[in-house]
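Notes follow the structure.
One-based numbering along the sequence shown.
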Amino acid sequence: MAETDYYTTKELANILGVTRQAIFKRIKSGEIPAIARGRDYLIPKDKLPDEIKKLIEERQKLATKRILELSSKPARDIDFEKELWKAADKLRGSLDPSDYKYIVLGLIFLKYVSDAFYQRRELLKEWVSDPNNKEFYVPDESARKFIIEDKDQYKSAGIFYIPEKARWEYLQKFSLTPDIGKKIDEAMEEIEKENPVLKDILPKIYAQTPLEPHVLSDLINIFSKIKFDHREYEEKDLLGRVYEYFLGQFASAEGKRGGEFFTPRPIVKLLVEILEPFEGCRVFDPACGTGGMFIQSAKFLEIHKKDPSKISFYGQELNINTWRLCMMNLAIRGIVGDIRGGKNSLLDDQFPDLRADFVITNPPFNQSEWGADQIDPKDPRLKYGIPPDSNANFMWIQHFIYHLAPNGMAGFVMANGALAVGGREGEIRKRIIEDDLVDVIIACPPKLFYNVSLPVSLWFLTKNKKDGRFRNRTGETLFIDAREIFRPISRKQVEFTEDQIIYISSIAKLWRGENVIEETKDELRILKDKYEKEIEELNSVLNTNLRNKETKKKIEERVKELEELLKINLEIQKLWNENFGEGYKNILGLCYSATIEEIRKNGYVLTPGRYVGVAPPPDDGIPFEEKMKKLKAELEEYFRQGRELEEKIRENLKRLGF
């Protein structure tokens with residue numbers, strides 16, 4: 001039997017909504033047949049008691065019903081993405097998350113392109129039937145049908161043309177048939193034929209999936225009730241949020257492997273906020289994963305009232321399945337770019353002539369046996385030295401530098417070891433520093449990545465520190481120690497809040513000579529007002545004597561979260577006003593502007609803590625003399641207790657004859 005023919009105790013407990021201990025108890029009593037595997041058990045699906053099989057089916061139907069109820073007003077539900085994930089995850093059964101993600105994300109994409117097609121179709125119907133529409137009105141009924149089905153009418157509006165047998169309503173009709181998986185695969189193939197830009201991107205894995213047909217049917221039912229308005233940016237962003245949330249949850253479920261395809265949004269946002277991409281720029285990500293850097297760059301322009309379509313995106317991704325997820329992710333957002341999959345960036349650079357304004361990326365960390373012996377020693381990327389085959393970190397860094405335009409900037413995530421490593425890598429780092437490329441280094445808190453505690457830092461390199469965009473920073477590097485700036489969201493993970501991202505990025509901007517003092521104050525005030533308004537609105541709902549306990553609990557949890565965010569916001573506002581209300585300055589324990597000479601004296605080590613120092617403990621207002629008196633009294637008390645204990649031990653030893 002294949003692994004998918006079994007449940008683990010954790011999977012069965014999750015589906016039934018009980019504890020693992022409850023499953024263990026029923027296994028030991030013989031109620032549930034199971035095969036021991038180490039300290040756990042494998043439970044054959046076909047040997048489960050009928051009552052449990054029935055209960056599993058009921059639980060899955062309940063999860064589906066719950067999400068269908070929520071989906072009627074998705075944008076207004078405070079836990080929409082979470083509930084959608086819970087419902088979809090309950091249907092997963094024992095299928096590995098790494099396989100399940102392609103099934104679910106493929107269906108979300110299919111639903112979106114279908115909705116966009118239907119909305120364009122309805123609009124065309126309206127136009128060709130309206131005598132007042134001089135451009136589109138057609139009196140003849142058959143001619144109207146021709147225009148409505150004209151592929152160019154869709155493609156010219158940036159909408160994928162969806163053939164009849166690939167449309168969502170067609171799949172809905174057959175959702176309860178045993179061959180629904182085959183029909184979904186055929187739909188994906190038809191869409192690719194009609195839209196060459198999607199060639200080899202869409203997943204065609206539904207006929208072979210070990211999921212039972214009723215699970216695919218339930219997933220179609222779940223997504224059928226969600227209506228995405230392609231014309232509304234907020235709705236496009238809603239689907240993007242759902243897609244991104246699912247990517248994050250799959251990354252979490254896959255643990256360390258998840259970090260290979262998904263970078264948590266707060267890290268991406270901080271990188272982009274500091275780099276500040278602009279209209280007409282070229283953005284390159286040579287390890288692009290699912291495309292988060294591109295999406296955040298486009299969103300940055302959107303927020304600043306600029307045209308995101310005026311960025312040129314270039315990317316490369318080794319894993320072909322991750323590349324497919326990326327292309328679907330970008331298509332949902334309406335982002336186009338030259339993104340290439342299936343090729344190794346270090347050994348088979350697909351963009352040898354590209355010089356980008358921005359390189360924004362999160363490369364694989366500490367890759368060993370990466371193929372150093374396959375690199376030509378005369379490779380132009382190796383300006384600063386040949387890294388050892390035991391670690392690719394400095395091959396990646398040199399790859400980024402090589403691809404920068406004369407005034408280009410790079411922002412990337414890197415394992416902390418690269419800050420201080422010696423040997424050949426240390427020599428490469430030294431040469432990069434001497435070339436005055438290191439602009440900003442930020443030490444991050446551990447546990448920023450899903451289920452991985454590896455501490456990382458953010459590096460910002462620039463080819464020209466006097467390009468005129470910012471002040472002349474020749475011979476200077478800013479170090480920020482942000483290890484204590486975070487919000488815990490679980491025992492295994494922390495994040496940067498919006499306020500913390502504004503705070504850290506504004507320090508870098510201020511140091512670069514940007515006048516963001518008042519702008520930062522305004523941004524923090526806006527967030528404060530937003531938190532307070534939502535708290536007030538939710539509290540007013542709680543005061544209406546809600547009868548639904550589940551809804552009440554969700555609202556109470558959200559209020560608690562908002563109060564926590566508000567507290568962080570007020571702390572950040574206070575720190576900004578105290579530390580940077582009059583401009584940039586070095587703050588002990590937080591930030592330090594070092595000269596290249598200081599970095600030389602520190603052995604070319606780039607660890608921020610070495611430069612910023614340790615923050616002084618907060619002043620509690622108690623005079624030093626008073627503290628010493630108290631400490632002396634406490635010490636004397638400990639000495640007295642020690643003497644008493646010594647005496648008792650002596651007496652006990654005497655009684656024992658020693």
Side-chain angles (χ1 to χ4, degrees), residues 1-70 79-105 209-219 221-222 245-258 447 450-452 488-493 549-551 553-554 557:
M1 290 173 79
E3 195 169 323
T4 51
D5 295 326
Y6 298 90
Y7 288 121
T8 64
T9 54
K10 183 180 179 181
E11 288 164 349
L12 188 58
N14 178 46
I15 293 169
L16 297 177
V18 298
T19 63
R20 289 179 72 187
Q21 284 72 21
I23 301 296
F24 282 133
K25 189 176 179 182
R26 297 186 74 171
I27 290 172
K28 287 174 182 175
S29 70
E31 289 179 67
I32 297 178
I35 302 163
R37 188 180 70 171
R39 294 183 180 179
D40 203 351
Y41 293 90
L42 286 176
I43 303 161
K45 292 181 181 178
D46 59 353
K47 293 187 179 175
L48 281 170
D50 289 341
E51 55 155 315
I52 292 183
K53 286 180 182 177
K54 189 176 177 183
L55 190 58
I56 288 171
E57 197 172 330
E58 286 173 1
R59 288 278 180 180
Q60 290 179 333
K61 283 180 180 175
L62 190 66
T64 304
K65 184 183 175 187
R66 166 73 181 139
I67 199 62
L68 296 185
E69 289 168 355
L70 281 167
D79 266 341
F80 176 62
E81 298 103 315
K82 193 181 292 184
E83 292 292 342
L84 193 62
W85 166 259
K86 278 168 65 178
D89 194 44
K90 278 214 183 290
L91 297 171
R92 177 172 66 87
S94 59
L95 189 64
D96 192 272
S98 62
D99 298 320
Y100 191 53
K101 69 172 176 277
Y102 302 114
I103 292 167
V104 172
L105 294 171
T209 176
L211 289 174
E212 301 202 17
H214 81 84
V215 173
L216 290 176
S217 171
D218 283 344
L219 284 170
N221 279 333
I222 286 171
Y245 184 83
F246 270 51
L247 279 171
Q249 293 305 306
F250 281 123
S252 180
E254 293 184 48
K256 188 175 180 182
R257 285 180 302 163
K447 299 195 231 178
Y450 296 99
N451 293 326
V452 180
I489 53 176
S490 73
R491 190 171 52 84
K492 293 182 177 180
Q493 196 183 359
K549 289 182 180 178
E550 187 180 348
T551 303
K553 184 183 176 185
K554 278 171 57 180
E557 286 173 353

Verdict with reasoning, Ile23 to Ile43, per side chain to side chain contact (heavy atoms under 4.5 Å, CB included): CA-CA 10 Å; Ile23 301 296; Ile43 303 161; 4.0 Å; yes

Would Tyr100 and Leu211 count as a side chain to side chain contact (heavy atoms under 4.5 Å, CB included) if you check the C-alpha gap in whole Å, the side-chain angles of each, and the deciding distance to 0.1 Å? CA-CA 9 Å; Tyr100 191 53; Leu211 289 174; 3.7 Å; yes

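Across Pro33 and Pro49, no two heavy atoms sit closer than the pair CD-CD, 4.3 Å. Minimum interatomic distance between Lys45 and Lys53 (heavy atoms only, all atoms of both residues): O-CE, 3.4 Å.
We find the CD1-OG1 distance between Ile103 and Thr209 to be 3.5 Å, quoted to the nearest 0.5 Å. One finds the CD1 atom of Ile32 at 11.5 Å from the OH atom of Tyr7 (value rounded to the nearest 0.5 Å). For the atom pair Leu42 CG and Ile35 CD1, the distance stands at 6.0 Å (nearest 0.5 Å). Atom CG of Leu48 is separated from atom CG of Leu55 by 10.5 Å, given to the nearest 0.5 angstrom. In this structure, CZ in Arg20 is found 11.5 Å from OH in Tyr41, a value given to the nearest 0.5 Å. Distance CD1/Ile52 to CD/Glu31: 7.0 Å, rounded to 0.5 Å.
For Lys447 (side chain) and Arg491 (main-chain N/O), a donor-acceptor pair under 3.5 Å exists by modelled atom type.
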